[in-house]
2 protein chains.
Amino acid sequence: MPQNGKNHEYICSVETAINEIGGKWKSLVLCSLKDGKLRFSEINNKLPDISQRMLTKTLRELEKDHIISRKVYPEVPPKVEYSLTTKGESVLPILDSLCEWGKKYGEGEDYLED
Amino acid sequence: MPQNGKNHEYICSVETAINEIGGKWKSLVLCSLKDGKLRFSEINNKLPDISQRMLTKTLRELEKDHIISRKVYPEVPPKVEYSLTTKGESVLPILDSLCEWGKKYGEGEDYLED
DNA sequence: CAGAATCCCGATGGATACTG
DNA sequence: CAGTATCCATCGGGATTCTG
């Protein structure tokens, strides 16, 4: 209670959001799904730099938090499709903002103003 | 070139943004500065869970990317103030979005819909 | 195809002590 | 006060191999 309660609440909410959609890969996986459902290998094609292991792990975490859903087709060879849930779609505006920001303030330019 | 160029560009911009303001602490430090300049110890008070070492490191990275500025007052004992740059202020809307999202979809509720 | 399992290394990050 | 320095534990994450 030394500090402003509103401010603390603000920080906690941001922290919650970062925990669920932050990290190195989560947001990028969500980007890849923004135009519709994709199979495991299709996501991997869109994100060539992620390893299978990390992709699996990231997908599991997003699924656990109900941000994406996973549908398995009982076929041989296996087919699995991932898509955004309602909750997952609600982060798309945030991704848009990040994209805008990244485009504008990307590394490269030097800002001589401070 | 196997994939849609627009989509790839989108992903790259998001990645850039995540690199600069993502991670465990950066966004929270930015939150703490959203209402104005603060001293090192004041930031630490708002974020009791961050260690001195991590706070120092995080501040250095944000400074390097011109997101915050650091002003040293040549006094004894030392006084250092951190504040958002113009670039730093441009991320506040994103933090607001994250806060909104975190408040709405915070851990705790179970979503039985998928 | 969509993973699970194993091995392994470097980065992350906490605790503590010290300093201008 | 605002750090720096050191030690050390944990974790992220790559490469590779194996399987239903």
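These values consider heavy atoms only, across backbone and side chains, with no hydrogens, waters or symmetry-generated copies. Throughout, protein chains are lettered first and strands after them, A, B, ... in sequence-line order, and every chain is numbered starting at 1.
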**Prompt:** Taking CG from A/Asn45 and P from C/dA2, how many angstroms apart are they, rounded to a whole number?
**Reply:** 10 Å

**Prompt:** Hey, are the side chains of A/Leu95 and A/Leu92 touching, using non-hydrogen atoms and a 4.5 Å cut-off?
**Reply:** yes

**Request:** Starting from C1' on C/dA4, measure out to CG on A/Leu59 and report it in whole angstrom.
**Result:** 14 Å

**Fill in**
Contacts of B/Ser41 and A/Ile50 projected onto DNA chain D by closest heavy atom; the upstream (5') one is B/Ser41

**Prompt:** How does each nucleotide of nucleotides 15-20 of chain C score, in 5' to 3' order, for protein heavy atoms under 4.0 Å: base (B), sugar-phosphate only (S), or none (-)?
**Reply:** B----B

**Request:** Specify the separation, in whole Å, of atom CZ of A/Phe40 and atom P of C/dG3.
**Result:** 5 Å

**Complete:** Taking D/dG3, D/dG14, C/dA4 as options, the one with an atom nearest any side-chain atom of B/Val80 is D/dG3

**Fill in**
In whole angstroms, the gap separating P of C/dG14 from CG of B/Asp49 amounts to 9 Å

**Prompt:** Of the nucleotides D/dG3, C/dA2, D/dG13, which one has an atom closest to the side chain of A/Trp25?
**Reply:** D/dG13

**Request:** May I ask you to verify if any side-chain N or O of A/Arg60 is less than 4.0 angstrom from the OP1 or OP2 atom of C/dA2?
**Result:** no

**Request:** Not counting sequence neighbours, which residues clear salt bridge (charged side-chain N to carboxylate O under 4.0 Å, His left out) with A/Lys34? List them please.
**Result:** none

**Request:** Specify the separation, in whole Å, of atom CG of A/Leu28 and atom P of D/dG12.
**Result:** 17 Å

**Request:** Check ring pair (Phe, Tyr, Trp, His ring centres under 6.0 Å) between A/Trp101 and all other residues, then give those that pass, not counting sequence neighbours.
**Result:** A/Tyr105

**Message:** Side chain of B/Thr56 only, heavy atoms from C-beta on: which candidate in D/dT4, C/dG14, C/dG3 is closest?
**Reply:** D/dT4

**Message:** With salt bridge (Lys or Arg N to Asp or Glu O under 4.0 Å) as the rule and sequence neighbours excluded, what pairs involving residues 88-98 of chain A come up?
**Reply:** none

**Message:** Applying a 4.0 Å non-hydrogen cut-off, can you work out what A/Tyr82 is touching in the nucleic acid: base, sugar-phosphate, or nothing?
**Reply:** sugar-phosphate

**Message:** Rounded to whole Å, how long is the line connecting atom CZ of B/Arg70 with atom C1' of D/dC1?
**Reply:** 12 Å

**Asked** Quick one: is A/Arg39 getting a side-chain N or O under 4.0 Å of the C/dC1 phosphate, OP1 or OP2?
**Response** no

**Prompt:** Looking at A/Lys87 and A/Glu20, does any basic side-chain N land under 4.0 Å from a carboxylate oxygen?
**Reply:** yes

Identify all side-chain donor-acceptor contacts of residues 70-79 of chain B below 3.5 Å with residues at least two apart in sequence or on another chain.
| residue | atom | partner | partner atom | Å |
| --- | --- | --- | --- | --- |
| B/Arg70 | NE | B/Tyr82 | OH | 3.2 |
| B/Tyr73 | OH | B/Glu81 | OE1 | 2.9 |

**Request:** May I have the distance from B/Asn19 (atom CG) to C/dA11 (atom C1'), rounded to whole angstrom?
**Result:** 15 Å

**Request:** For B/Glu15, enumerate each residue passing the salt bridge (charged side-chain N to carboxylate O under 4.0 Å, His left out) test, keeping only those at least two apart in sequence or located in another chain.
**Result:** none

**Request:** Let me know the distance between CD of B/Glu61 and C1' of C/dA11, rounded to the nearest Å.
**Result:** 12 Å

